[in-house]
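Atoms considered below: every heavy atom in the structure, side chains included; atoms not considered: hydrogens, waters and symmetry mates. All figures in this text were calculated on a predicted structure; none of them were measured in a lab. In what follows, chains are A, B, ... by sequence order, proteins preceding strands, each numbered from 1.
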Amino acid sequence: MPELPEVEVVRRGLDRFVTGRTIESAQVLHPRAARRHSAGSADLQSRLAGRTIVTVSRRGKYLWFALDGRESALVAHLGMSGQLLVQPGVASDETHLRARFIFTDRGRELRFVDQRTFGGIALDPLVSDGSGGSVPVTVAHIARDPLDPEFDDALWVRRLRGKTTGLKRALLDQTLISGIGNIYADEALWRARLHWAQPTDELAAPKARVLLTEVRAVMNEALAQGGTSFDALYVNVNGESGYFDRSLAAYGQQDRPCSRCGRPIVREAFMNRSSFRCPHCQRAPRNPRT
DNA sequence: GATCGGCCCTGCCCGC
DNA sequence: TGCGGGCAGGGCCGAT
């Protein structure tokens, strides 16, 4: 379940292995993997052949490979179970191999593996990000992430408090702040002692700033440990898992004692998924919003 | 326009 | 043993 720290770990690995290399051929092996490329798999394959990767960038959970000329980029989203692996060409195909990129130097190839096919790849034009950089057009609507130096804390606090929704829903809204998924939302809320149904328009600005500080703290700690992994679904480009799941305080900790107060963590239904919190440290608001 | 619920998809796990 | 249902969840889309 890759969120920002996991995607950043992958980006760093890819930057090392694929920057400066020229794609000889791209093979899309499952049509759903290229569903976001409107012209289809064959078009994607033909447009990538002969192109050189010049940088590997990230915003939130989106990754992109800028191509020579810097007018277009190969965009990748890992969804829930996507992996970008750098593998020797002789390695046997993974069960859920969805796309393969072979380079002209005939060194290790890049593979997109995705069990649940929520992820995907597409070729996109690059447009200005408004700060001298560029971003793929389909990523332009995604907000900057909290580890982005250009992230505007004060603007986020204003926009958050201008919403009339629940706090966790707002944390998961990638147009408000990107890179946060279910795991880090629960962890940051636990650290900030806030309930997921806290109405955003009733959240005091200082508390919002505390929450943002905790979001950054938990993400930086996870990044330092190579990300979170619960199973084999999240791995870096070498197929290795991170260690941060051993440091989780709320997510997945149902019935275990809260490390602050000792009361059991509860699991609650939220947006067709689960939310974990300490019932003592994270009290329900008077007017909960889902 | 903003908010919110439902759907896509596959494999694992549990209960019957 | 085998089957069916529930669950995991990011992003998109349609309904309100």
Think Arg36(A) has a side-chain N or O under 4.0 angstrom from the OP1 or OP2 of dG10(C)?
-> no
Could you tell me whether the side chains of Trp196(A) and Glu268(A) share a donor-acceptor contact shorter than 3.5 Å?
-> yes
To the nearest angstrom, how far is Glu268(A) atom CD from dC7(C) atom C1'?
-> 17 Å
note: Arg273(A), atom CZ; dG10(C), atom C1'; distance rounded to Å ~ 7 Å
Can you tell me the distance, in whole Å, between the CG atom of Leu171(A) and the P atom of dG10(C)?
-> 12 Å
Whole-Å distance, Arg32(A) CZ to dG11(C) P, equals 14 Å
Within less than 4.0 Å of OP1 or OP2 of dG10(C), is there a side-chain N or O belonging to His77(A)?
-> no
Is any side-chain nitrogen or oxygen of Ser274(A) closer than 4.0 Å to OP1 or OP2 of dC7(C)?
-> no
Mind checking which nucleotides bracket the chain A contacts on DNA chain B, 5' to 3', with an atom under 4.0 Å from a heavy atom?
-> dT3(B) to dG11(B)
Output yes when Asp145(A) and Arg59(A) qualify as a salt bridge under the 4.0 Å nitrogen-oxygen rule, no when they do not.
-> no
Flag for Thr165(A)-Arg289(A): side-chain donor and acceptor within less than 3.5 Å | no
Would you kindly give the CE-to-P distance between Met271(A) and dG10(C), to the nearest whole Å?
-> 9 Å
Polar side chain donor-acceptor pair, Gln27(A) to Arg100(A), under 3.5 angstrom | yes
Of Gly162(A) and Thr95(A), the one whose closest DNA chain B nucleotide lies more 5' = Gly162(A)
Arg169(A) atom CZ is separated from dG10(C) atom P, nearest whole Å, by 13 Å
Is it the case that Ser134(A) and Asp129(A) place a side-chain donor and acceptor less than 3.5 Å from each other?
-> no
Take atom CD of Gln115(A) and atom P of dC7(C), then tell me their distance rounded to the nearest Å.
-> 18 Å
